[in-house]
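Inspection log for the structure reproduced underneath, given as structure tokens.
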Protein chains: 2
Amino acid sequence: MMRITMEDVARHVGVSRALVSLAYRNRPGVSTETRERILHAGRELGYVPNRVAARLAGHGGNTLGVFLQDLHNDLFADLYEGTRAVADEAHKHLVLGVGALDGGRDAEALETLAQSRVDVVVAFGLQLPDTEVRTIAERVPMVCVLRGVADVDSVVSDNRHGARAATEHLIDLGHRRIAFLANPPSDGYMDRRHGYMETIAAAGLRPQVVQTTYSRETAAKDAGALLDGADAPTAIFAHNDQAAMGVLDALALRGLTPGRDVSVIGYDNSSLSKAPGTSLTTVDVDGVALGRSAAELALRRIEAPGAPSEWRTSFPTLVVRSTTGAPAA
Amino acid sequence: MMRITMEDVARHVGVSRALVSLAYRNRPGVSTETRERILHAGRELGYVPNRVAARLAGHGGNTLGVFLQDLHNDLFADLYEGTRAVADEAHKHLVLGVGALDGGRDAEALETLAQSRVDVVVAFGLQLPDTEVRTIAERVPMVCVLRGVADVDSVVSDNRHGARAATEHLIDLGHRRIAFLANPPSDGYMDRRHGYMETIAAAGLRPQVVQTTYSRETAAKDAGALLDGADAPTAIFAHNDQAAMGVLDALALRGLTPGRDVSVIGYDNSSLSKAPGTSLTTVDVDGVALGRSAAELALRRIEAPGAPSEWRTSFPTLVVRSTTGAPAA
DNA sequence: AATCTAGACTAGAGCGCTCTAGTTTGTACA
DNA sequence: TGTACAAACTAGAGCGCTCTAGTCTAGATT
């Protein structure tokens, strides 16, 4: 079956191919009447514009590539939502690429986006090393989100700020022994730890940092050791919600009530934290806003390809739920 | 800055454009030595193949479109994972389109995929009316997942089977008064209800169906009414996990313990059901397997465009966690 | 009446590839 | 020595569109 092309429509109406193109793209230079006739004929013939051909023939400037690190993570859905809203307003098309949890597909997905000739790539949560990111950014303009990369447009959330807000909240409630359940330092993300450390120091308190992993089980074990130890903390700030869940598990195991016996704060405001019977106090990163911001940078980059790179920082907010309260008397 | 094209690489090496094409696609007909020289020159010149041009020039047959109804729903991530695994093995490219929770973008996203000239569209969780789906399926081959459409390749999960398994589990535990918290009938999904009804009838029990919505709050209210009423059920089977959460809320409000005082089962095995302090017994749909199955149908459709449509049904399994147990004495 | 101009429309040159239908080359066989 | 044949390679015709640089009307301006 022969595909209907623009040529067919043009011939059918008795105009040139170029005019059909203008009509379909709603561009000026076509009389209203002719436009009607063209669109009508198109519908009649069952014409479907070929976007691939359009992309090849056009001069670009209207396609954003979007890289999503992990489809399982709700935060990326929010990020995407924000980016899409802005892209829609600007009438840009989106082309998606998806990574894998372990980061093993990042390079491949990015390569595909580059080969797809998108004008700029918005990358949510890349796990690639900085040097590799920079190499790719030389070929196709990039906006890195969550993970900032020097000399590359970036939109990040101020983790230090979030950690400070969480720690201050606990101090304000009257806690004096506040522990931080930290992420592995190998991942390079130290900001949450720093935020905790400086706030504790500023309050003249003693820091208590225990290193854990991303797994809920490990976090439960590490939190348990803390709780059973001498001088047990009255509040625990976990590096993310997953770890905070582990802390809650540890509390439950000991018959302790979160928010009353021990206060717990997580980080991310993931769907976990909103589950029933949990209602975790946490730090919210506002993915939609980050996504919007990233898209704006991307559009700017299309306008001005040579402009110096820009970093944007957004400030997360504390979401107080029921796992924090004044320390037990 | 001029883009480097295949032509440039060819000229640089002193061969024809066609040979460069073959070399880059790892096709036979190029001597090992020449291939090396071509790839080396390409690297040196900074050549990046243009996928858009390739798609236009090629005869197709290697691109799957994937439509994801909702990025926020974990199930779709699983479905995608399954499809991607199969597509990778078959060396097919994926082009993504994303809908919106309310279904308002389904048509648009599908249209984009059609215009992108994918060979077949794998649609996860379409909300479009059957007639519209069929119209689109005439233009581009489709595989519908979760939602089956007559005369269109479909992969569905047997909701009736799942509901039967859930209900039987409760009966086996000794429950006699088992209520079903049903979804609104307006959405057309009646299979879970049917599964419940027929199992209850087969056991000679009296069905008790209460209609609720998708919201957790409504479900809590409706479950509460059930629990407070005369002849309150000892077990409640909710049409999905979200609603089951509402049931748990209602129990908590009344000081009842799920699994001991009242048994609760959800449906979907969503991340909600695995949250701490919840551990909901539920029905697991195995999204990865569905995704694989859908991709296989898609590949088959590319091979044999004219073949009669095929429906595949997968059977969900019951995941017993801690919200179900023998009825209180 | 001659000139200008804006709007409507067209011709045709690409965009960067893949594919078909060759041509050339080296080697094996009779 | 001539014929056969596979492997290596090439020429050039598209794929379906967008864009540039026009042409051709009418009506407005002098």
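Being a predicted model, the structure only gives us computed values, none of them experimental. Just so it is clear: chains get the letters A, B, ... in the order the sequence lines come, proteins before strands, and each one is counted from 1.
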Can you name the atoms? Protein N/O to nucleotides 9-16 of chain C N/O, anything below 3.5 Å, with the distance.
{"residue": "C/dC9", "atom": "OP1", "partner": "A/Thr34", "partner atom": "OG1", "Å": "2.9"}
{"residue": "C/dC9", "atom": "OP2", "partner": "A/Ser31", "partner atom": "N", "Å": "3.1"}
{"residue": "C/dC9", "atom": "OP2", "partner": "A/Ser31", "partner atom": "OG", "Å": "3.4"}
{"residue": "C/dC9", "atom": "OP2", "partner": "A/Thr34", "partner atom": "OG1", "Å": "3.3"}
{"residue": "C/dT10", "atom": "OP1", "partner": "A/Ser16", "partner atom": "N", "Å": "3.4"}
{"residue": "C/dT10", "atom": "OP2", "partner": "A/Ser16", "partner atom": "N", "Å": "2.6"}
{"residue": "C/dT10", "atom": "OP2", "partner": "A/Ser16", "partner atom": "OG", "Å": "2.8"}
{"residue": "C/dA13", "atom": "N6", "partner": "A/Arg17", "partner atom": "NH2", "Å": "3.3"}
{"residue": "C/dC15", "atom": "O2", "partner": "A/Ala57", "partner atom": "N", "Å": "3.4"}

- Query: Are B/Arg312 and B/Ser293 close enough that a side-chain donor and a side-chain acceptor fall under 3.5 Å?
  - Reply: yes
- Interatomic distance where CG belongs to A/Asn62 and C1' belongs to D/dC19 [whole Å]: 14 Å
- Can you find a side-chain donor-acceptor pair between B/Arg55 and B/His93 that sits under 3.5 Å? no
- When the distance from CG of B/Asn26 to C1' of C/dT18 is rounded to whole Å, what number comes out? 16 Å
- Task: Could you tell me the separation between the CZ atom of A/Arg51 and the C1' atom of D/dT18, rounded to a whole number of Å?
- Result: 15 Å
- Query: Is it true that the side chains of B/Arg35 and B/Ser31 contain a donor and an acceptor less than 3.5 Å apart?
  - Reply: no
- Taking atom types as modelled, find out whether B/Ser21 and B/Arg25 have a side-chain donor-acceptor pair closer than 3.5 angstrom. yes
- Item | Charged N-O contact under 4.0 Å between A/Glu310 and A/Arg300 | yes
- Query: Which sits closer to the 5' end of DNA chain D, A/Arg55 or B/Thr32, going by the nucleotide each is nearest to?
  - Reply: B/Thr32
- Item | Cationic N near anionic O, under 4.0 Å, A/Asp130 to A/Arg147 | yes
